[in-house]
Amino acid sequence: MRYDQARWSDEDGYEPLLSEKNSREVDIETPLPDDLTRDSLELPDLSEPELARHYTRLSQMNYGVESGPFPLGSCTMKYNPKFTEDLAAHPSAAVHPDRPEETVQGTLALLGRTAEYLAEIGGMDDVTLQPPAGAAGEYTGVLIAKAYHEHNGDDRSEIIVPDSAHGTNFASAALAGFDVVELPSGEDGRVDLDALEEAISDETALLMLTNPNTLGLFERDIEEIAEMVHDAGGLLYYDGANLNALLGRARPGDMGFDIMHYNVHKTFATPHGGGGPGAGPVGVVEELTDFLPEPHVRKRGGGYELFEPERSIGKVHGFQGNWLVLIKTCAYIARLGDEGLRDASAKAVLNANYLAEQIDYEVPFGPFHHEFVASAGDQDAADVAKRMLDYGVHPPTTKWPEIVDEALMTEPTEIENKRTLDQLAAAFDAVADEDRETIEAAPERTSARRIDQVSAARSPQLSWQALENSE
Ligand SMILES: *Cc1c(COP(=O)(O)O)cnc(C)c1O
């Protein structure tokens with residue numbers, strides 16, 4: 001497959017801002033005091049077609065899950081079906097969050113049902129829908145664990161996190177004031193029970209795990225792990241980012257996990273990327289339901305009500321969280337049903353294993369669940385990633401987990417069929433055969449070449465004023 005990304009630019013080499021295309025001074029009249037207002041404002045002045053073209057051009061210079069395959073490991077970049085967008089855009093979804101409960105029973109019922117679906121899928125007893133992302137869910141879960149131990153008069157200072165965990169696990173634990181104990185992985189890429197034994201103590205508040213782990217490997221000893229942690233008085237947290245591998249087949253609650261988050265923008269096909277909006281509901285077992293954030297939804301008589309759980313950790317987000325995202329989650333789960341969810345996990349696992357077999361790069365470990373981690377070997381994984389864009393596919397996640405040299409963490413998800421998987425494999429193999437010079441110069445055919453990723457992440461300029469001030 002040959003790919004040439006659109007490149008729209010004026011003499012300055014980029015698609016101009018709306019205000020640069022055409023703008024005009026608009027007089028402002030307001031009843032506000034003079035010292036709080038300006039006299040005039042420069043606003044873009046464009047026709048509707050000009051506006052539509054601007055945004056279409058920007059989208060053509062980007063790469064998304066609707067451009068081609070997007071096997072970004074751990075992120076579960078599924079196609080987001082359009083029917084969920086239609087439902088979230090329905091006029092009746094525009095509900096003021098302060099409306100009296102008795103006038104928004106439909107809204108509360110939808111929230112209640114979403115929480116029930118998620119609880120059932122995860123094997124949890126109750127679910128809060130408030131946290132706006134997986135990382136926020138982790139932080140909420142850690143605060144619940146902290147409140148639980150404190151309530152029991154049991155002061156515990158440590159959280160154990162495996163070395164293969166997502167960076168947010170370390171950050172959530174540290175942000176809540178815990179010391180992080182890093183757990184080295186065993187030879188087989190899984191939790192090493194001896195190392196765990198050594199790490200656990202009466203200071204252990206929580207062990208955070210994802211299962212299957214970030215190498216796509218199922219933690220077969222999970223029941224024993226849960227017993228070890230519980231025997232020491234600790235709790236077990238499930239990072240739900242990899243739940244796509246288990247949907248309808250196994251439940252974290254049944255494995256012994258006490259708290260978990262769901263990344264609905266990964267597992268349940270709500271849009272993802274660019275920093276949100278997503279949602280990271282948190283499920284807990286019976287013993288912890290009193291600590292959930294408020295307000296919380298529950299059934300009451302024939303309807304639903306909001307209430308504050310007895311020992312609530314408080315609010316973690318405004319109102320009920322990202323409501324429109326939760327509509328999409330509910331709709332997706334309802335449309336797929338039990339059979340559909342089981343079918344999704346089956347295909348996700350089959351696709352990862354098929355692709356791992358096809359590619360020329362070395363793939364240590366296996367067999368896999370929803371993702372696999374290949375090694376770029378002598379090549380630099382970041383260069384491989386950039387070069388893959390030239391073949392019209394989004395690259396895998398690179399250089400993580402560090403257990404695999406030059407890691408290419410690949411997750412095709414269930415949405416791809418064999419034709420697309422073969423196209424992906426062909427892209428991997430084409431890059432594997434290329435020389436260093438070619439891949440170091442990549443990407444050639446994208447609208448932006450190598451960007452300064454560190455500056456983009458560390459000092460982003462997210463507004464026109466910020467850009468102007470920086471010049
Ligand atoms: C994505 C991810 C997270 C964080 O979730 P966000 O929704 O991006 O905040 C945590 N753990 C793992 C393994 C992940 O892949």
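Both counts, for ligands and for their atoms, begin at 1 and track the order of listing.
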Under 4.0 Å between a Lys/Arg side-chain N and an Asp/Glu carboxylate O for Lys82 and Glu85? no

Residue shell around ligand 1, heavy atom under 4.0 angstrom: Ser74, Ala133, Gly134, Ala135, Glu138, His166, Thr168, Asp239, Ala241, Asn263, His265, Lys266

Between Lys266 and Glu411, is the closest basic N to carboxylate O distance under 4.0 Å? no

Arg57 with Glu15: basic N within carboxylate O range, under 4.0 Å: yes

salt_bridge(Glu406, Lys399) N-O dist < 4.0 Å: yes

How about CG on Asp231, more than 12 heavy atoms from neighbouring residues, nucleotides or ligands closer than 6.0 Å, or not? yes

What is the minimum heavy-atom distance between Ala432 and Gln379, and which atoms define it? O-NE2, 3.7 Å

